[in-house]
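Beneath this line is the structure, given in structure tokens, with notes to follow.
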There are 4 protein chains.
Amino acid sequence: MRARNSAAKQETEGASRTFTEAARRAQIVEAAIEVIAEVGYAKATFTRIAKRAGLSSTGMISYHFAGKDDLMREVVAEVFRVADGYMVPRIEAQTTAAGRLRAFIESNIELLGEFPKHLPAVVEVLGNVRGEDSTMREFCAAMDSLVDTHTHLIHEAQKTGEFGEFDPRVMALAIRGAIDGVVSRAAKDPDFDAVACGRELADLFERATRNDKRGE
Amino acid sequence: MRARNSAAKQETEGASRTFTEAARRAQIVEAAIEVIAEVGYAKATFTRIAKRAGLSSTGMISYHFAGKDDLMREVVAEVFRVADGYMVPRIEAQTTAAGRLRAFIESNIELLGEFPKHLPAVVEVLGNVRGEDSTMREFCAAMDSLVDTHTHLIHEAQKTGEFGEFDPRVMALAIRGAIDGVVSRAAKDPDFDAVACGRELADLFERATRNDKRGE
Amino acid sequence: MRARNSAAKQETEGASRTFTEAARRAQIVEAAIEVIAEVGYAKATFTRIAKRAGLSSTGMISYHFAGKDDLMREVVAEVFRVADGYMVPRIEAQTTAAGRLRAFIESNIELLGEFPKHLPAVVEVLGNVRGEDSTMREFCAAMDSLVDTHTHLIHEAQKTGEFGEFDPRVMALAIRGAIDGVVSRAAKDPDFDAVACGRELADLFERATRNDKRGE
Amino acid sequence: MRARNSAAKQETEGASRTFTEAARRAQIVEAAIEVIAEVGYAKATFTRIAKRAGLSSTGMISYHFAGKDDLMREVVAEVFRVADGYMVPRIEAQTTAAGRLRAFIESNIELLGEFPKHLPAVVEVLGNVRGEDSTMREFCAAMDSLVDTHTHLIHEAQKTGEFGEFDPRVMALAIRGAIDGVVSRAAKDPDFDAVACGRELADLFERATRNDKRGE
DNA sequence: GATGAATGAGAATTCATTCAT
DNA sequence: GATGAATGAATTCTCATTCAT
């Protein structure tokens with residue numbers, strides 16, 4: 001493998017990366033997201049991605065990315081970037097844990113309406129990756145850290161008495177799993193109205209997290 | 001010999017499938033389940049499966065199955081068979097909808113302890129299948145029908161007043177997604193104690209489904 | 001390769017071949033003829049032939065024949081046997097060279113009506129065989145000897161003045177080729193009325209062979 | 001990349017096929033022609049063709065052709081192109097039907113001297129093709145249309161009285177069959193002097209077609 | 001003699017990656 | 001920087017043949 005993986009490039013060459021190169025990379029990542037969401041991880045070959053990106057050959061992708069793993073990592077990173085940009089303001093606008101949880105779930109599902117391919121793509125990638133390669137471990141770590149963050153926030157809300165008593169890690173996992181289930185379904189069934197699920201899902205987890213004994 | 005897919009064989013040749021052939025098929029399916037769970041759908045090649053099954057060549061698998069789709073269908077069928085055998089009695093022993101829901105979730109997760117590879121394998125397969133091939137559509141249909149069944153049962157429990165008011169389809173999807181999330185996690189992280197999650201998850205969905213207004 | 005090729009068997013074991021074995025061989029040869037005629041030489045696999053013969057496995061074929069070449073040789077031999085039985089009496093009933101030529105062509109084409117698969121099968125086999133293997137060379141030799149025989153008969157008829165002046169070898173080849181063309185066509189196009197061609201073809205070669213200067 | 005069959009490429013990408021790609025394709029087609037003529041259709045594998053073409057792997061062939069069918073279609077097309085280039089001027093230089101028929105036969109056989117592998121290759125391909133695949137049907141159609149054209153021309157010559165009375169379709173088939181027989185023989189027997197046959201064959205069919213009653 | 005499961009070589013095809021231009 | 005042709009490993013699948021029972 002060439003030493004030129006994107007991480008190395010970012011660190012050692014820094015600002016020297018030209019605008020057009022960045023644009024090329026973004027273009028490829030975007031195409032990859034679309035292709036992965038449409039045909040699934042297994043069939044998301046360089047050939048298909050290149051064709052979608054309007055590139056004449058797969059060599060272009062290998063030139064800009066150190067390998068398939070590198071491209072996939074960028075796909076995940078890009079989706080996270082977009083998701084953060086959309087969700088974080090909406091979550092931070094809330095003052096209660098319940099509000100933030102609702103904002104998290106609803107904005108996450110809303111994202112499916114705004115960027116219909118992004119979440120399905122990331123679910124595909126993370127569902128098909130193992131922690132074998134050191135470079136791959138980053139993927140899982142990223143997702144785990146999200147769950148961990150939730151676990152932590154839930155735990156805090158339990159300490160203030162806003163949330164009831166339950167295992168915060170299982171709750172975080174369940175929320176993640178339920179959302180991913182909706183995302184997967186939305187990706188495979190174009191008729192499925194994912195956005196309509198958002199409020200319902202938020203209601204569900206509100207009931208599951210609230211402290212019934214509060215104020216007794 | 002295309003026509004020799006398992007369905008055709010079962011229907012047209014009936015009992016003519018010999019004992020040893022059935023044993024070989026079962027052996028291959030078992031190996032496939034293990035390999036899929038361990039390395040993921042994309043890397044679960046005939047070569048790896050044959051090696052795991054102690055077979056001398058991939059040709060042996062092609063000899064016993066009409067193709068990869070056929071093998072995958074058998075994998076799903078076998079896991080469903082095992083899961084049904086384990087879960088159905090436990091579910092039917094319950095008399096209330098809440099009891100059945102809990103039994104469903106807990107026995108499903110317990111299955112991870114008894115057959116640690118089965119559910120991860122099926123999650124991998126169903127997560128990587130598109131409804132393109134007519135033979136593939138059966139997979140999705142099987143899973144969908146499960147969700148549909150739950151949707152229906154939830155709806156019934158709502159009519160009796162045992163469950164509260166919410167969209168039964170979203171609830172069914174959320175349950176499915178949460179369980180799959182736990183299964184996926186268990187598959188990738190051997191240290192993850194899935195079984196411990198069962199009761200927690202059941203508690204979670206009990207809170208989410210129960211009718212708070214009952215008896216008011 | 002096992003020493004037990006059919007030729008060896010016939011010569012060394014002679015009458016020791018049991019009736020049932022001969023029946024089995026005949027049954028396989030018959031199935032092979034049908035399969036070859038229907039799907040062509042390339043797709044005439046042991047699997048297909050065994051299925052057509054009502055055999056449970058291809059091993060049966062390998063048991064009775066030393067190999068694919070051996071089976072093919074038997075196919076050719078059987079067709080020649082049948083063709084001889086049908087054509088020779090009809091040819092020998094004629095007293096003139098022209099009559100014999102006509103009887104040859106017409107009875108050859110008529111054979112297509114009586115045994116629709118036999119000639120197409122042999123055309124397929126001989127068209128796909130090279131003289132590389134020593135065992136294969138027999139095939140070509142058989143066909144060549146037929147053409148040689150015709151060449152000789154034509155030459156005789158030229159000496160008596162019954163036939164005109166032309167290269168007897170080319171004539172023999174042309175007759176063979178024209179008949180094979182009709183046979184091929186008949187095999188691939190079920191609507192083609194081969195039998196109706198017989199007289200026309202015989203007329204054609206009568207005009208081409210007759211001595212126009214005779215009696216001048 | 002299924003869509004990259006030559007037809008699609010030619011139509012959708014038009015002139016975008018580069019010079020070197022066209023050269024590679026031509027080189028592969030040429031190698032295929034030689035291999036098919038030498039070892040026969042059944043044994044003309046990508047491996048053998050790649051080796052003959054000096055390519056490192058069979059993948060190269062799959063890269064340039066959509067599949068074996070595509071390559072075979074190109075083989076047939078290339079031979080037809082060469083044959084047309086050689087034969088059509090010689091045929092059109094003739095003013096009588098008899099002259100054109102002779103020119104057709106003689107130039108066809110002469111082609112065996114100029115391009116000894118071309119006609120044998122095409123006879124092999126067309127002899128081993130069934131009308132199953134839609135793409136294959138084109139082959140047969142191409143050959144049938146040639147026979148049909150002859151049938152028509154013969155019919156015209158009969159109406160002017162230049163040719164005698166006979167079934168034009170059978171005559172066309174016989175001509176085709178006789179030539180193919182010579183071609184086949186030439187392919188298998190390197191000592192066979194095909195060119196010498198040309199005039200003889202033309203004489204033969206001149207006698208068979210001429211109107212004996214003309215001017216009576 | 002007969003069976004059918006097993007074998008292993010070889011087929012076409014796809015893919016990520018490399019490299020000369 | 002960019003291109004696209006070439007590479008070679010890997011994958012699924014088929015086939016004739018063998019061998020223990």
Side-chain angles (χ1 to χ4, degrees), chain A residues 1-2 18 20-21 24 42-50 55-71, chain B residues 1-2 4 16-21 23-25 42-50 55-71, chain C residues 1-2 18 20-21 24 42-50 55-71, chain D residues 1-2 4 16-21 23-25 42-50 54-69 71:
Chain A
M1 176 168 340
R2 302 175 69 161
T18 66
T20 67
E21 163 149 13
R24 256 299 136 77
K43 293 192 175 173
T45 65
F46 276 17
T47 302
R48 262 184 263 259
I49 295 169
L55 266 38
S56 57
S57 88
T58 67
M60 200 72 263
I61 300 178
S62 288
Y63 179 76
H64 284 290
F65 295 88
K68 198 169 190 182
D69 295 354
D70 189 31
L71 172 56
Chain B
M1 191 162 44
R2 269 264 135 220
R4 190 181 193 161
S16 81
R17 195 187 297 170
T18 65
F19 171 73
T20 68
E21 164 151 13
R24 263 279 177 268
R25 284 176 63 96
K43 294 192 174 173
T45 64
F46 276 14
T47 302
R48 265 183 260 259
I49 295 170
L55 299 173
S56 61
S57 78
T58 69
M60 203 68 256
I61 300 179
S62 289
Y63 177 76
H64 285 289
F65 295 87
K68 200 168 191 184
D69 294 355
D70 188 31
L71 174 55
Chain C
M1 174 167 341
R2 304 174 66 161
T18 66
T20 68
E21 163 148 13
R24 253 303 135 74
K43 293 191 174 173
T45 65
F46 276 16
T47 302
R48 263 185 262 259
I49 295 170
L55 266 37
S56 57
S57 88
T58 67
M60 201 72 261
I61 301 179
S62 287
Y63 179 76
H64 284 289
F65 295 88
K68 199 168 190 182
D69 295 353
D70 187 30
L71 173 56
Chain D
M1 190 165 41
R2 269 264 136 222
R4 189 181 194 163
S16 80
R17 196 186 298 174
T18 64
F19 171 73
T20 67
E21 165 150 13
R24 263 278 176 271
R25 283 175 63 95
K43 294 192 174 173
T45 65
F46 276 14
T47 302
R48 266 184 259 259
I49 294 169
L55 299 173
S56 61
S57 77
T58 68
M60 203 68 254
I61 299 179
S62 287
Y63 177 76
H64 285 289
F65 295 87
K68 201 167 190 183
D69 294 355
L71 174 55

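Chain naming here is simple, since letters A, B, ... match the order of the sequence lines and numbering starts at 1 in each.
Proximity of B/Thr47 to the phosphate of F/dT11: a side-chain N or O atom is located under 4.0 Å from OP1 or OP2. OP1 or OP2 of F/dA5 sits under 4.0 Å from a side-chain N or O of D/Tyr63. Checking the phosphate oxygens (OP1, OP2) of F/dA6, a side-chain nitrogen or oxygen of D/Arg24 falls inside 4.0 Å. Between A/His64 and the phosphate of F/dA2, there is a side-chain N or O to OP1/OP2 separation shorter than 4.0 Å.
You'll find the side chain of C/Thr45 reaches within 4.5 Å of the side chain of C/Arg48, heavy atoms only.
Both distances falling under 3.5 Å, in either a Watson-Crick or a G-U wobble arrangement, place E/dA20 opposite F/dT3.
Each of C/Gly59 and A/Lys68 was matched to the nucleotide of DNA chain E holding its nearest heavy atom; the match closer to the 5' end belongs to C/Gly59. Comparing D/Gly54 and A/Leu55 against DNA chain F, the residue whose closest nucleotide sits nearer the 5' end is A/Leu55. Comparing C/Met60 and A/Ser57 by the nucleotide of DNA chain F whose heavy atom lies nearest to each, the residue mapping closer to the 5' end is A/Ser57.
Atoms NZ (D/Lys43) and C1' (F/dA16) sit 13 Å apart, rounded to a whole Å. The nearest whole Å value for the distance from the CD1 atom in D/Ile61 to the C1' atom in F/dG8 is 14 Å. One interatomic measurement links the two molecules: CZ of A/Phe46 to P of F/dA10, which rounds to 17 Å at whole-angstrom precision. For the pair C/Arg48 CZ and F/dT14 P, the computed distance is 10 Å after rounding to whole Å. Look at CD on D/Glu21: it is 12 Å from C1' on F/dA6, rounded to the nearest Å. The CG-C1' distance, from A/Asp69 to E/dC15, rounds to 14 Å in whole Å. Atom CZ in B/Arg25 sits about 13 Å away from atom P in E/dA6, given to the nearest Å.
Residue side chain C/Thr58 does not reach the base of F/dC15 through any donor-acceptor N/O pair under 3.5 Å, judged by distance alone. Judged by distance alone with a 3.5 Å cut-off, no donor-acceptor contact links the side chain of B/Thr45 to the base of F/dT12.
Nearest approach of B/Asp70 to B/Phe65, heavy atoms of both residues: OD2-CA, 3.5 Å. Between C/Ser57 and C/Ala50, the shortest heavy-atom distance links the atoms O-CB, 3.9 Å. The heavy-atom pair separating C/Ser62 from C/Phe46 by the smallest distance is OG-CE2, 3.7 Å. Closest heavy-atom contact between D/Ile49 and D/Ala44: CD1-O, 3.9 Å.
Counting any heavy atom pair closer than 4.0 Å across all strands shown, D/Ser56 reaches sugar-phosphate atoms only and no base atom.
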